[in-house]
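Naming convention: chains lettered A, B, ... in sequence-line order (proteins, then strands); numbering from 1 in each chain.
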Amino acid sequence: MKRIVILGAGTAGTMMANRLARMLPVGWDVVLLDRDDAHVYQPGLLFLPFGAYREDELVRPRTQLVDSRVQLRLVAIDRVASDEKRVVLGDGESISYDFLILATGSRLLPEATPGLASEGWRTTAHDFYTVEGARALRQSLDSFHAGRLVVNIAELPIKCPVAPLEFMFLADAYFTQRGDRDRIELVLATPLEGAFTKPVASALLGGMLAQRRIEVVGDFAASEVDGARKRLTSYDGRELDYDLLVSIPSHGGAELIKRSVLGDANGWIPTDRETLAVTGVERTFAVGDATDLPSSKAGAVAHFQGDVLTPNLLAAIDNRPPVARFDGHTNCFIETGYGRAMLIDFNYDTEPLPGKFPLPGVGPFTLLGESAINHWGKLAFKWLYWNVIVAGKELPLDHRMLMAGKRAA
Amino acid sequence: MQTEQLILQRLDTISARLDELQRGRRAVDELFDELTPIAREALATAIARLDALDKQGHFAFVAELVQVGRRVVEGFTPADVRQLGDAIVGILDVVRALTRPEVLQIASEAATAMRDAEHATPMGAFRALRATRDDDVQKGIGLFVDVLRRVGHGVNAAAARDGKALDQKAKLAELLGPRRARMLPAPSRAPTVPTSSVPARKPEERAIDPSAWTRELAETIARANDITLDAPRWALLDAARADFAATKASPNIQRLTSIAGVTTRDLYQLFPKAPARTIAKIAGLPKPAGCL
């Protein structure tokens with residue numbers, strides 16, 4: 001029996017396992033490895049602090065999500081011995097592979113910002129990128145009625161780069177509807193120049209933050225947190241005092257990637273930006289958050305990458321060159337509060353542009369503009385996620401970004 | 001014995017039901033799988049057709065029509081519309097008369113003359129009189145007088161209907177409005193939100209021509225940013241340029257620490273203000289950006 005081993009049963013890994021289980025010729029096994037049985041619907045975590053979802057709606061057992069032909073094993077992985085084409089498990093057992101897919105994702109590294117995860121952690125300083133974090137933040141938001149709330153992106157890259165902005169919009173709506181918005185200051189501290197860095201988006205959306213009285217502090221690279229004094233300091237000496245800190249901590253690749261000497265200094269796997277093959281390592285591909293690609297770390301991206309990786313892997317099995325090319329396509333809903341959302345659609349070469357998606361003129365989704373339909377789309381995405389994306393089904397959409405329906409800048 | 005039998009029978013029934021459910025679920029799954037390639041074709045076709053319409057301007061046109069519709073609705077009351085409805089037959093009769101080929105021909109000739117107005121020969125009274133010898137001119141005068149007669153008749157008939165006794169001059173003045181009013185500019189339109197505005201690029205977003213970059217240029221830009229380029233700084237610039245060449249993306253702070261083997265603190269020591277952006281600027285690269 002020939003074997004494809006997939007490391008990581010998150011969005012990308014589960015999706016690939018399910019697709020390959022259906023498409024591989026006879027004589028091939030698919031082995032999927034992960035250390036635990038809890039698959040989290042991460043886009044839902046944004047809503048947890050505002051009480052909009054329950055935890056049990058967001059987590060499902062991995063065992064329920066895989067095709068019966070996939071051999072899912074819940075085990076700790078030690079490392080990859082790529083020269084010997086085998087994966088070494090935590091208990092020392094080895095699993096050899098003919099092809100390897102690294103879907104090990106990204107992890108949060110709050111300890112990379114000194115002081116963040118010590119005094120005040122999960123009481124006055126929070127993250128909402130984990131279930132425990134979102135849960136603790138919910139408690140704090142419930143009892144936060146006055147003062148300065150700072151949302152800080154410690155460093156880039158992060159998962160779901162628009163989530164900090166979404167959090168600001170939802171917080172503004174939440175406090176306004178609760179009646180104490182006037183006693184609360186909302187500040188976004190970002191290492192980027194501003195909230196919007198692309199010309200078209202900046203021009204169209206620039207007023208959104210001022211309108212909602214959200215202050216943006218740009219070029220702010222967080223160097224440390226003083227949890228006792230509730231002060232955030234940047235590398236260039238600026239200090240930002242807060243009453244409540246919502247941090248999006250530094251991100252890095254999985255530890256096992258570092259142990260396997262497969263990633264760069266931050267654990268990201270050097271990947272060909274078009275074919276998704278891992279640079280310099282035979283018969284190995286990477287997909288999802290785990291890569292070092294400049295494309296966004298988001299579920300939709302993993303889906304479009306899957307549309308490329310599947311045919312490329314099947315071609316590699318037949319000793320043929322890669323057939324599909326990933327164009328960096330990303331498609332993201334951005335919640336803006338009050339029952340509305342925006343949609344952005346872009347790739348490596350094209351910034352988010354206004355227009356209609358997917359049907360030109362008709363939509364129904366509006367690009368770079370707020371609408372209620374977009375908001376319903378964001379909510380409906382949860383069904384799509386469990387039943388189509390993670391299930392490895394195909395969407396009737398080209399994986400590449402299309403200019404159709406967009407107004408060029 | 002009997003209880004066992006009953007239990008076994010029950011189990012059989014349950015098993016059969018489960019098989020049914022299983023078949024049903026599989027049917028739905030298969031339907032979904034069957035439909036996906038069809039849906040993909042249909043969607044691709046729809047997108048292509050709508051894209052063609054979009055590029056021809058249909059959707060922009062409809063969007064403007066909606067604006068026009070809005071203005072009509074705002075500009076006219078239901079009473080106006082009712083009046084329009086009452087008069088519609090008469091209006092359509094006029095339109096029908098106007099669009100008869102002969103009438104359109106006349107209008108076209110008149111329009112041509114007016115279009116070429118600047119080439120019209122200026123005429124004094126004698127020349128004008130001599131021009132009336134021309135057959136076409138005579139016909140035109142006859143037609144003009146006919147039109148005047150009918151207009152006058154219409155005005156008199158309307159005045160009689162209203163029961164008002166109006167002086168000829170006053171009647172005409174009422175129709176045309178006072179001289180000053182006739183000089184007024186067209187009613188101002190409310191400023192419309194541009195539906196296809198092209199936002200202007202901010203000055204600093206001038207496209208950088210990568211081939212125009214030289215090391216001397218880098219020195220100049222660095223000086224303008226209060227930076228003196230020494231070996232460790234050049235190492236960072238070279239690393240950033242190499243990375244951009246490979247990934248087509250300018251490196252952010254985290255990426256710089258990785259490719260150049262330095263810490264964030266080192267970066268800030270060498271380039272104290274927004275290091276990733278400054279390095280990109282000096283190295284002739286686009287500034288590192290987020291997705292939005």
Side-chain angles (χ1 to χ4, degrees), chain A residues 22 155-157 161-162 165 190-193 195-205 218-219 221 223 235-236 250-251 264-266 268 273 292-296 330 332 334 344 346 348-349 351-352 355-356 358-362 388 393-398 402-405 407-409, chain B residues 29 32-33 35-44 46-55 58-60 62-63 195-202 205 246-255 257-261 264-265 267-269 272-278 287-292:
Chain A
R22 281 207 303 276
E155 192 178 40
L156 295 168
V162 295
L165 207 55
T190 166
L192 289 170
E193 198 178 13
F196 304 111
T197 57
K198 297 291 188 182
V200 178
S202 297
L204 287 177
L205 307 175
D219 290 326
S223 60
Y235 275 99
D236 57 11
S250 291
H251 283 48
D264 65 18
N266 298 295
W268 307 120
R273 65 187 231 141
D292 75 339
L293 297 180
S295 48
S296 301
T330 314
C332 265
I334 302 175
I344 53 174
F346 58 99
Y348 286 139
D349 302 319
E351 63 183 299
K356 289 288 196 185
L359 299 169
V362 173
V388 176
K393 296 208 151 91
E394 285 175 24
L395 282 172
L397 263 181
D398 198 323
L402 300 174
M403 278 306 289
R407 295 197 295 276
Chain B
D29 270 347
F32 195 100
D33 287 340
L35 285 179
T36 301
I38 299 170
R40 186 187 286 258
E41 275 296 316
L43 194 56
I47 288 177
R49 296 246 176 95
L50 289 169
D51 188 32
L53 286 176
D54 197 15
K55 289 198 164 76
H58 283 91
F59 295 112
V62 167
T195 49
S196 57
S197 60
V198 175
R201 299 198 113 180
K202 294 201 296 236
E205 297 305 325
T247 65
K248 311 223 186 45
S250 295
N252 56 37
I253 291 179
Q254 200 197 63
R255 181 111 180 141
T257 63
S258 166
I259 59 179
T264 311
R265 209 158 275 292
L267 275 179
Y268 269 88
Q269 253 167 17
K273 189 175 171 324
R277 211 147 49 84
T278 314
K287 66 179 179 189
C291 55
L292 184 59

Can you list the residues that meet the side chain to side chain contact (heavy atoms under 4.5 Å, CB included) rule with A:Ser295, with sequence neighbours excluded? A:Leu293, A:Val301, A:Gln305, A:Phe326, A:Tyr348

What I'd like to find out is whether the side chain of B:Thr264 reaches to under 4.5 Å of the side chain of A:Glu155, using heavy atoms alone. yes

When A:Pro358, A:Cys332, A:Gly355 are compared by non-hydrogen pairs under 4.5 Å with chain B, the top option: A:Pro358

Are B:Leu292 and A:Pro161 close enough that some pair of their side-chain heavy atoms sits under 4.5 Å apart? no

Got B:Thr36 and A:Lys393 here, is their nearest side-chain heavy-atom distance under 4.5 Å? no

What part of B:Pro288 gets within 4.5 angstrom of chain A, counting heavy atoms only: side chain, backbone, both, or neither? backbone

Does any backbone or side-chain atom of A:Asp292 lie under 4.5 Å from a heavy atom of chain B? Answer side chain, backbone, both or neither. both

Could you report the tightest heavy-atom contact between A:Asp398 and A:Leu402, atom names first, then the distance? OD2-CD2, 4.4 Å

Can you tell me which of A:Pro157, A:Ser296, A:Ser223, A:Pro294 forms the most heavy-atom pairs within a distance under 4.5 Å of chain B? A:Pro157

dist B:Arg277:CZ -> A:Leu192:CG (nearest 0.5 Å) comes out at 9.5 Å

Winner by heavy-atom pair count (cut-off under 4.5 Å) against chain A, out of B:His58, B:Lys55, B:Arg255: B:Arg255

If you tally heavy-atom pairs under 4.5 Å against chain A, which of B:Ile47, B:Leu267, B:Thr257 wins? B:Ile47

If one checks every heavy atom of A:Glu394 against chain B at 4.5 Å, the contacting part turns out to be both

Which answer fits A:Pro191, side chain, backbone, both or neither, if we ask what part of it has an atom under 4.5 Å from a heavy atom of chain B? neither

Can you tell me if B:Arg49 has over 12 outside heavy atoms packed within less than 6.0 Å of its CZ? no

Honestly, the part of A:Phe346 sitting under 4.5 Å from a heavy atom of chain B is side chain

What one should report as the nearest heavy-atom pair of B:Pro272 and A:Asp236 is O-CB, 3.9 Å

Which atoms of B:Ala44 are under 4.5 Å from chain A, going by heavy atoms: the side chain, the backbone, both sets, or neither? neither

Does any heavy atom of chain B fall under 4.5 Å from the side chain of A:Leu397, the backbone, both, or neither of them? both

Portion of A:Leu359 that has a non-hydrogen atom of chain B nearer than 4.5 angstrom: both

